[in-house]
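The next block holds one structure in the form of structure tokens; read it before the comments.
All chains are named by letter (A, B, ...) in the order of the sequence lines, taking the proteins before the strands, and each is independently numbered beginning at 1.
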2 protein chains.
Amino acid sequence: MARDDDGGREDPAAAAASHLPLARFLPYRLSVLSNRISARIADLYERRFDLTLPEWRVMAVLGEAAADDRPMSAQEVAQRTAMDKVMVSRAVARLIAAGRVDRAVAADDRRRSVLTLTAEGRHIHDAVVPLAQAYERALLDRLSPRDRAALDRVLSSLEGVDLAPLGRDVAAFPPPGDGDSDTDAGPGNG
Amino acid sequence: MARDDDGGREDPAAAAASHLPLARFLPYRLSVLSNRISARIADLYERRFDLTLPEWRVMAVLGEAAADDRPMSAQEVAQRTAMDKVMVSRAVARLIAAGRVDRAVAADDRRRSVLTLTAEGRHIHDAVVPLAQAYERALLDRLSPRDRAALDRVLSSLEGVDLAPLGRDVAAFPPPGDGDSDTDAGPGNG
DNA sequence: GGCAGATGGTTTCATTTGAAACCAATTTAG
DNA sequence: CTAAATTGGTTTCAAATGAAACCATCTGCC
């Protein structure tokens with residue numbers, strides 16, 4: 001009621017104000033770009049190394065860990081790859097089956113596994129790394145040095161945020177006209 | 001042979017050169033950030049409007065189309081949302097079932113559908129738009145004006161590219177041991 | 001010691017997703 | 001005009017995914 005409810009008549013100005021050009025919406029652009037890049041990389045790894053992206057991420061962090069001679073548990077892998085533990089579990093399972101990763105049991109805690117690259121795993125790792133770097137370079141080469149630096153700052157800024165706080169003020173908006181306020185309740189009708 | 005193949009001995013310098021800090025790898029950072037943002041937005045829409053992200057994208061472009069009084073086919077929606085036609089078909093089906101979108105048959109081509117927002121659809125659309133804008137603003141507010149502008153340039157630069165050409169030089173790297181060289185003979189490679 | 005959580009990791013189950021098969025309408029070739 | 005090829009869109013099927021249930025171990029507490 002208190003809402004500016006025009007009964008179907010379209011004021012051009014209001015219409016202009018109330019539509020969102022998806023192609024200029026940051027989260028959308030980010031998502032599309034990121035998905036295209038990921039798909040391209042995934043395709044590359046898949047074709048050349050029979051390696052999925054989750055698998056590669058695991059190998060990448062295990063490669064880092066090896067460089068520091070600091071083996072990793074699955075949980076640590078999960079944190080450092082931004083994947084959940086289910087995905088890590090599955091990726092590791094495939095990698096072990098393929099002989100690319102080795103799993104031992106931690107001495108101090110027999111639940112925890114200790115993951116390392118096998119020799120073959122390291123070999124593949126060392127072959128993928130330059131590919132990945134070349135791909136990244138190909139992307140960055142399209143940007144000016146200033147923009148590269150700005151991009152790095154932007155990513156760092158946004159990575160740090162919890163994003164939940166961002167949602168907070170946004171979430172303060174009232175739900176739409178209908179009185180069905182339980183839509184934000186249970187998983188039921190969803 | 002030309003390859004620097006150390007038989008298991010680890011030269012610290014070589015090791016350092018051959019590991020990739022995932023947390024600094026652009027495609028990875030982009031993917032993680034984008035997924036976090038998308039998940040947050042999806043959650044918001046879901047809770048408040050019982051609306052999935054694909055559904056919202058469809059509504060968004062239909063809202064744009066309506067502003068121009070230029071209804072859209074499913075295919076056009078697919079292009080403008082960067083989704084494939086299967087996903088559009090499903091999203092549209094749900095939206096029609098929910099009474100948020102209306103489908104007619106094109107006069108000149110009876111295969112083509114003509115999609116428009118219903119009154120209710122428009123109502124929801126108009127409620128979501130400011131939410132989306134607020135969210136975007138909350139993100140952008142964390143960046144300096146210069147970095148905002150740079151981000152826009154960066155996205156525009158990378159959006160334009162096919163990304164396949166990027167893969168070209170990258171794909172020139174020789175595959176590892178196995179001689180399966182037809183893996184790069186994909187259809188669109190060129 | 002022993003029992004109630006917590007934690008590391010895997011498995012099960014339902015949902016989501018994409019590829020390919022498919023149907024219907026249209027266009028092109030002959 | 002008819003047959004093949006194309007295009008718009010939906011459905012089917014198999015694989016990927018996430019949530020929750022699940023085992024095994026460990027920790028805290030009595």
Side-chain angles (χ1 to χ4, degrees), chain A residues 31-32 35-36 38-40 42-43 45-47 50-58 61-62 71-97 101-116 186-190, chain B residues 31-32 35-36 38-40 42-43 45-47 50-58 61-62 71-97 101-116 186-188:
Chain A
S31 169
V32 171
N35 289 340
R36 282 208 307 151
S38 289
R40 185 65 55 185
D43 185 61
Y45 294 170
E46 174 80 51
R47 287 174 126 86
D50 189 22
L51 197 61
T52 68
L53 214 46
E55 279 165 44
W56 165 245
R57 284 188 181 178
V58 169
V61 298
L62 291 185
M72 274 193 187
S73 69
Q75 187 182 214
E76 228 175 322
V77 169
Q79 287 168 203
R80 302 177 65 111
T81 55
M83 310 193 299
D84 62 20
K85 59 184 191 168
V86 177
M87 177 111 352
V88 171
S89 174
R90 294 199 257 239
V92 166
R94 287 189 301 261
L95 287 168
I96 291 175
V101 161
D102 200 46
R103 172 163 46 199
V105 172
D108 57 325
D109 185 340
R110 301 213 313 279
R111 295 168 301 180
R112 181 176 303 143
S113 49
V114 176
L115 301 168
T116 46
N189 185 358
Chain B
S31 169
V32 171
N35 288 340
R36 281 208 307 150
S38 289
R40 185 64 56 184
D43 186 61
Y45 295 170
E46 173 81 49
R47 288 175 126 87
D50 189 22
L51 196 63
T52 68
L53 213 46
E55 279 164 43
W56 165 244
R57 283 188 182 178
V58 170
V61 298
L62 291 185
M72 272 192 188
S73 70
Q75 187 183 212
E76 227 175 323
V77 169
Q79 287 168 204
R80 302 177 65 110
T81 56
M83 311 194 297
D84 61 21
K85 59 185 191 168
V86 177
M87 176 101 20
V88 171
S89 174
R90 293 199 258 239
V92 166
R94 287 188 301 260
L95 288 168
I96 290 175
V101 161
D102 200 45
R103 171 164 47 198
V105 172
D108 58 324
D109 185 339
R110 300 214 313 279
R111 294 169 302 182
R112 182 177 301 142
S113 49
V114 176
L115 302 168
T116 47

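- The distance between atom CZ of R94(B) and atom P of dT17(C), rounded to the nearest whole Å, is 8 Å.
- Note that the two end axes of the helix from dG1(C)-dC30(D) to dG30(C)-dC1(D) enclose an angle of 10°, each drawn from 5 base pairs, rounded to 10 degrees.
- Comparing D109(A) and V92(B) by the nucleotide of DNA chain D whose heavy atom lies nearest to each, the residue mapping closer to the 5' end is V92(B).
- Each of L95(A), V92(A), T81(A), V101(A) was evaluated against L62(A); a single residue qualifies, V101(A), per the side-chain contact (heavy atoms from CB on, under 4.5 Å) test.
- Side chains of S31(B) and R57(A): a donor-acceptor N/O pair is present below 3.5 angstrom, by distance only.
- Taking each heavy atom of T116(A) and P71(A) in turn, the nearest pair found is CG2-CB, 4.1 Å.
- In the interface, the side chain of R111(B) is not paired with the base of dT26(C) through any donor and acceptor atom under 3.5 Å apart.
- Distance CZ (R57(B)) to P (dT17(C)): 11 Å, rounded to an integer number of Å.
- In this structure, CD of Q75(B) is placed 18 Å from P of dA25(C), rounded to the nearest angstrom.
- Rounded to whole Å, the distance from CZ on R112(B) to P on dC23(C) is 22 Å.
- Shown here for L53(B) and S38(B), the closest heavy-atom pair between the two residues is CD2-O, 3.9 Å.
- Residues V58(A) and A91(A) approach most closely at CG2-CB, 4.0 Å, considering heavy atoms.
- Taking only distance into account, the side chain of R90(A) meets the base of dG18(D) through a donor-acceptor pair shorter than 3.5 Å.
- Nearer to the 5' terminus of DNA chain D, by closest-nucleotide assignment, is the contact made by V88(B) (compared with the other of K85(A) and V88(B)).
- Annotation: the span from S73(B) atom OG to R103(B) atom CZ amounts to 12.0 Å, rounded to 0.5 Å.
- In this structure, D43(A) places its CG atom 11 Å from P of dA19(C), rounding to the nearest Å.
- Of all non-hydrogen atoms in M72(B) and V61(B), the two that sit nearest each other are CE-O, 3.9 Å.
- Between N35(A) atom CG and dT16(C) atom P there is a gap of 18 Å when expressed in whole angstrom units.
- Between S89(B) and dG9(D) there is no side-chain polar atom (N or O) within less than 4.0 angstrom of OP1 or OP2.
- The interatomic distance linking M72(A) (CE) with dG8(C) (P) rounds to 15 Å, in whole Å.
- E46(B) has its CD atom 14 Å from the P atom of dT15(C), to the nearest Å.
- Between R110(A) and dT27(D) there is no side-chain polar atom (N or O) within less than 4.0 angstrom of OP1 or OP2.
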